[in-house]
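For reference, the structure discussed in these notes is given below.
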Amino acid sequence: MTLVHIDKAHKRFGDNHVLRGVSLDVANGEVISLIGRSGSGKTTLLRCINHLESLDAGRITVAGESIGYREQGGTLAELPERKVAINRRRIGIVFQHFNLFPHMTALENIVEAPIRVLGTKKAEAERYGRELLDRVGLADKADAYPSTLSGGQQQRVAIARALAMRPMLMLFDEPTSALDPELVGEVLDVMRSLADEGMTMIVVTHELRFASEVSDRIVFMNEGRIVEVGPPAEVLAAPATDALRSFLSRSSFAVPGRS
Amino acid sequence: MTAVGIAPDIDEDAPATIRPRRNRWRWVIVIVVAFIAAQVIYGLFTNKAFRWATYGQYLFSEPILDGLATTILLTIIAMVLAIVLGTLLAVWRMSSNRALSGFAWFYAWIFRGTPTLVQLVFFFNLAALFPRLGIGIPFGPLLVSTDTNALITPMTAAILGLGLNEAAYMSEIIRGGLMSVARGQTEAARGLGLTPWQSFRRIVFPQAVRVITPATFNQIIGMLKYTSLVSVLSLGDLLYAAEQIYSRNFQPIPMLLVASTWYLVCTSVLMIGQYFLEKRINRGAMPTATRSTRLRKTEAMA
């Protein structure tokens with residue numbers, strides 16, 4: 001069953017045509033890795049899915065529902081921000097720079113949205129929040145402020161915060177790019193276990209090894225278009241285009257069996 | 001040149017002794033400052049012109065305490081008005097709506113650009129410009145109206161003059177605070193499904209307050225003293241009460257000391273309040289974590 005449906009999405013920033021007709025269907029439970037060099041439009045595509053960026057043309061639906069737009073006689077009318085907020089409730093997003101709320105403890109970060117947005121009782125939100133902290137291996141950090149946590153710990157709290165809304169889809173925007181190399185593993189481990197539990201995930205990443213091990217399909221973007229899509233074994237081992245070949249040769253990644 | 005290798009140990013048992021830096025001038029400065037302080041204190045007690053008896057007689061007198069109450073009340077009302085209006089102006093200034101941002105800019109331009117004293121007198125004389133104030137149809141008749149002179153008492157003129165002027169300054173302070181909150185914070189809030197209002201109220205504003213608070217206390221302390229300008233409207237604030245008394249007893253020095261004492265008491269209370277408030281709102285804030293100096297290079301010894 002299709003969860004995310006992207007149909008000929010276009011996006012411009014001024015003269016810069018960032019997305020040039022991107023179409024992609026993501027099935028329920030699927031893990032997608034979006035790869036491509038910087039400026040290829042992968043982060044913009046991810047941000048369009050939960051309407052952190054608006055579209056200029058085309059359509060994106062999640063579970064059959066347009067995010068940020070209302071169907072109006074063949075055109076899509078942009079909704080006011082407070083209505084978009086309702087659309088976003090079940091789409092989690094994790095950012096490159098974590099963006100934890102610095103004036104709140106780890107647990108307060110996690111329970112804020114369930115309490116304010118979903119109206120969950122405080123006790124219940126905190127119980128589930130502690131369960132999530134335990135799941136990302138930070139049960140003892142509930143009362144710690146973000147400034148006292150390492151980058152890897154902050155990102156794991158950020159993942160728990162997104163999970164607290166019980167999302168049906170998780171978006172990751174280069175979740176390990178801002179981390180010291182020795183902290184990347186702990187975040188990828190959490191993501192790997194999420195994928196194993198059947199969470200639908202779209203991950204913008206430079207971690208090709210992670211992408212090849214965890215994702216069901218790899219999407220390679222170049223100059224605002226999807227150039228190659230397929231299982232990691234096909235896409236990474238036998239790139240069909242020069243663009244992907246040169247991208248792979250520049251990254252230090254080597255697929256086993258590929259010379 | 002010695003060969004590169006293991007540094008030769010001079011003595012394994014006794015580490016080198018260290019003598020902290022000495023500041024010979026420190027004691028000279030202490031003596032000079034102590035001497036000046038002694039001189040000042042001696043002067044305070046022996047100079048008859050201070051007239052400490054008069055000071056003591058009036059410090060807790062009724063007109064002075066009434067004036068103090070007016071000063072405190074005026075400061076509180078003007079600052080509340082300034083903070084509420086200043087927040088609105090700051091948000092409008094940052095709005096993508098040109099009419100709102102233009103209005104906020106114009107407001108700051110007018111109220112920061114003309115003297116506070118002029119504004120006070122202007123509001124006091126509003127009746128000369130608009131004899132009647134009321135609510136009605138734009139460009140049409142007034143439905144409810146009242147005599148301007150009945151509405152604009154010295155107190156309301158003072159509140160408007162000081163509050164509207166201060167709002168222009170507060171809006172810039174608040175705008176600076178709001179802009180200091182990283183863009184990612186709003187995005188994270190939106191990404192979690194918070195509405196724009198929830199995101200402002202719960203995420204952006206509490207962080208902006210950390211930046212806004214020190215400057216706001218600066219403004220409150222300034223306002224406490226600025227209220228003395230209202231003596232031009234014959235409004236009985238603390239300084240006006242003191243002036244009234246020394247115009248009769250011809251002893252300005254002790255009366256000004258009485259007023260200054262109360263101003264100092266108020267500002268001291270404010271500074272203590274600021275200390276505890278900042279301690280509370282700065283939870284979770286830490287100075288940038290110090291990075292370990294792992295790449296510190298040691299110079300080769302030749």
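Below, chains carry the letters A, B, ... as their sequence lines are ordered, and counting in each starts from 1. Any value given below was found using the heavy atoms of this structure, including those in side chains, with hydrogens, waters and symmetry copies removed.
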Pairs of heavy atoms under 4.5 Å with chain B: top-ranked of A:E81, A:R47, A:R89: A:E81
Where B:A188 and A:R161 come nearest, the two heavy atoms and their spacing: CB-NH2, 3.5 Å
Which atoms of A:L171 approach chain B - backbone, side chain, both or neither, heavy atom under 4.5 Å: neither
Side-chain donor-acceptor pairs under 3.5 Å in residues 216-224 of chain B, sequence neighbours left out?
unit_1 : atom_1 : unit_2 : atom_2 : d
B:T216 : OG1    : B:I212 : O      : 2.9
B:Q219 : NE2    : B:E166 : OE2    : 2.6

Heavy-atom pair of closest approach, residues B:G191 and A:N50: CA-ND2, 4.2 Å
B:Q185 side chain to A:L100 backbone, donor-acceptor under 3.5 Å: yes
Close side-chain approach of A:V117 to B:L192, heavy-atom, < 4.5 Å: no
Interchain contact, B:Q198 with chain A, by part (heavy-atom threshold 4.5 Å): side chain
B:M94 atom CE, neighbour heavy-atom count above 12 within 6.0 Å: yes
Non-hydrogen side-chain atoms of A:H51 and B:R190 separated by less than 4.5 Å: no
Any A:M104 side-chain heavy atom under 4.5 Å of B:P206 side chain: no
Residue A:H103 versus chain B: region with a heavy atom under 4.5 Å: both
Contacting region of A:L118 [heavy-atom separation from chain B under 4.5 Å]: neither
More than 12 heavy atoms of other groups within 6.0 Å of B:Y275 OH: no
Spacing of OG belonging to B:S199 relative to CD belonging to A:E112, to within rounding of 0.5 Å: 10.0 Å
Atom group of A:F101 that falls short of 4.5 Å from chain B, counting heavy atoms: both
Pairwise distance CZ(B:R201) to CZ(A:R116) - rounded to 0.5 angstrom: 7.0 Å
Close side-chain approach of A:R82 to B:W197, heavy-atom, < 4.5 Å: no
